[in-house]
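Here's the structure we're looking at; comments come further down.
Read the numbers this way: they start at 1 and go in the same order the structure lists the ligands and their atoms. We count residues from 1, following the sequence as given.
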Amino acid sequence: MVNITVDGIGLQANKEATVLQVARENGIDIPTLCYNESLGPEGRCRLCMVEVSKGNRTRIVTSCLYPVEEGLQVRTETEKVLLIRRMVLELLLARCPDSEVIQAMAVKMGVEKPRFQLDEGNWKCILCGLCVKTCEEAVGVSAIGLSQRGSHKKVGTPFLEPTMVCIGCGACHFICPTGAIKMTEQDGIRRIWGRDFKLQACHVCGNFFAPEYQLEWMSKKAGVPLEFFQTCQNCRK
Ligand code: SF4
Ligand code: FES
């Protein structure tokens, strides 16, 4: 364990932890977009900036990546930190003017209209890569990726066409911090990445709960009979 202070409060922290983790464990709010506890830090959104001091040295760092160390002093809301955070939010808002999540954050931080030119038609994506990482590492199918360069960079399926690699699980939609990945469900059909997936009705309660295609994929992968997967989580308890 190491001793640190966050906003003047003395805390004991696991020496493997990051500043963000310790702050969160102790109920200290640092805004984030690209951090997801189960996937680890990405360091892409730059919203989680804080000021750290050790000895005579003070620096602005990304708290999701910065490891704690003995004697570290962290300040989460100095004038400089707030200035940078507002600037980052302005940039994010200019990039994703349609994202309700970013709009709400901007209002909370007192950011009104970005001074930068709005990116038109850029939907809501901040290019954090969480969806791609989830699809590849947690689901294990790699149906989506980042393509093109510079300001044209975007997340999507190969050639932005519907792909049979996608199993329709919706993990990318659920993990996306800005609501950028559209998924709809109607009349037993889930639509995502340009494909329609027929949903399985639970054999016990009758509710639709997951795409048939996803359940077949899980059955094959696990070597478990399909019937096992045709009952929803609630009815399996
Ligand atoms: S779609 Fe969402 S999760 Fe994927 S890169 Fe964009 S903001 Fe991140
Ligand atoms: S949460 Fe740290 S950079 Fe996004």
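Counting the atoms of ligand 2 from 1 in the order shown, those under 4.0 Å from a heavy atom of C48 are 1 (S), 2 (Fe), 3 (S). Set against the non-hydrogen atoms of C125, the atoms of ligand 1 under 4.0 Å away are 1 (S), 5 (S), 6 (Fe), 7 (S). Residue contact check: C34 has heavy atoms under 4.0 Å from atoms 1 (S), 3 (S), 4 (Fe) of ligand 2. Of all atoms in ligand 2, numbered sequentially from 1 with element shown, those under 4.0 Å from a heavy atom of C45 are 1 (S), 3 (S), 4 (Fe). Residue I126 has at least one heavy-atom neighbour below 4.0 Å for each of these atoms of ligand 1: 6 (Fe), 7 (S). Using a 4.0 Å cut-off to heavy atoms of C176, the atoms of ligand 1 that qualify are 1 (S), 2 (Fe), 3 (S), 7 (S). The R44 neighbourhood of ligand 2 comprises atoms 3 (S), with distances under 4.0 Å to a heavy atom of that residue. Each of the atoms 1 (S) of ligand 1 lies under 4.0 Å from some heavy atom of I181. Numbered from 1 in the order shown, with element, the atoms of ligand 2 that lie under 4.0 Å from a heavy atom of Y35 read 1 (S). Interface atoms of ligand 2 facing T32, defined by a heavy-atom separation under 4.0 Å, are 1 (S). Atom numbering of ligand 1 starts at 1 in the shown order; those under 4.0 Å from a heavy atom of T178 are 7 (S).
The two atoms that bring L33 and L130 nearest to each other are O-CD1, 4.3 Å, heavy atoms only. W193 approaches V155 most closely through the heavy-atom pair CH2-CG1, 3.9 Å.
Judged by the 6.0 Å distance and 45° axis criteria, R24 is not positioned over the aromatic ring of Y35.
Scanning the protein for heavy atoms near atom 8 (Fe) of ligand 1, the closest one is C128 SG, 2.3 Å. Considering only non-hydrogen protein atoms, atom 5 (S) of ligand 1 sits nearest to G129 N, 3.1 Å. Looking from atom 3 (S) of ligand 2 to the surrounding protein, the closest heavy atom is R46 N, 3.2 Å.
Residue E42 does not touch ligand 2, judged by heavy-atom distances below 4.0 Å.
The pair K80-E51 fails the salt-bridge criterion, with no side-chain N (NZ, NE, NH1 or NH2) lying under 4.0 Å from an Asp/Glu carboxylate O. Salt-bridge formation is not detected for the pair K15/E70: no Lys NZ or Arg NE/NH1/NH2 atom is positioned less than 4.0 Å from an Asp or Glu carboxylate oxygen.
In this structure, M87 places its CE atom where only 12 or fewer heavy-atom neighbours from other residues, nucleotides or ligands lie under 6.0 Å away. More than 12 heavy atoms of other residues, nucleotides or ligands shown are found within 6.0 angstrom of CZ on R236. The neighbour count for E79 CD, taken as heavy atoms of other residues, nucleotides or ligands under 6.0 Å away, does not exceed 12.
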Discussion item. If you apply the rule side chain to side chain contact (heavy atoms under 4.5 Å, CB included), what do you find for L72 with V19, and how did you get there?
Written reply: CA-CA 9 Å; L72 191 72; V19 167; 3.9 Å; yes
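Side chains of V22 and I4 form a contact here, defined as non-hydrogen atoms less than 4.5 Å apart. In this structure, the side chains of L65 and T18 stay at 4.5 Å or more apart for every pair of heavy atoms.
Of the candidates P177, A180, C131, C131 brings a heavy atom nearest to atom 4 (Fe) of ligand 1.
Taking backbone and side-chain atoms together, C64 has no N/O/S atom less than 2.8 Å away from atom 4 (Fe) of ligand 2.
Contact annotation: L127 has at least one heavy atom less than 4.0 Å from an atom of ligand 1.
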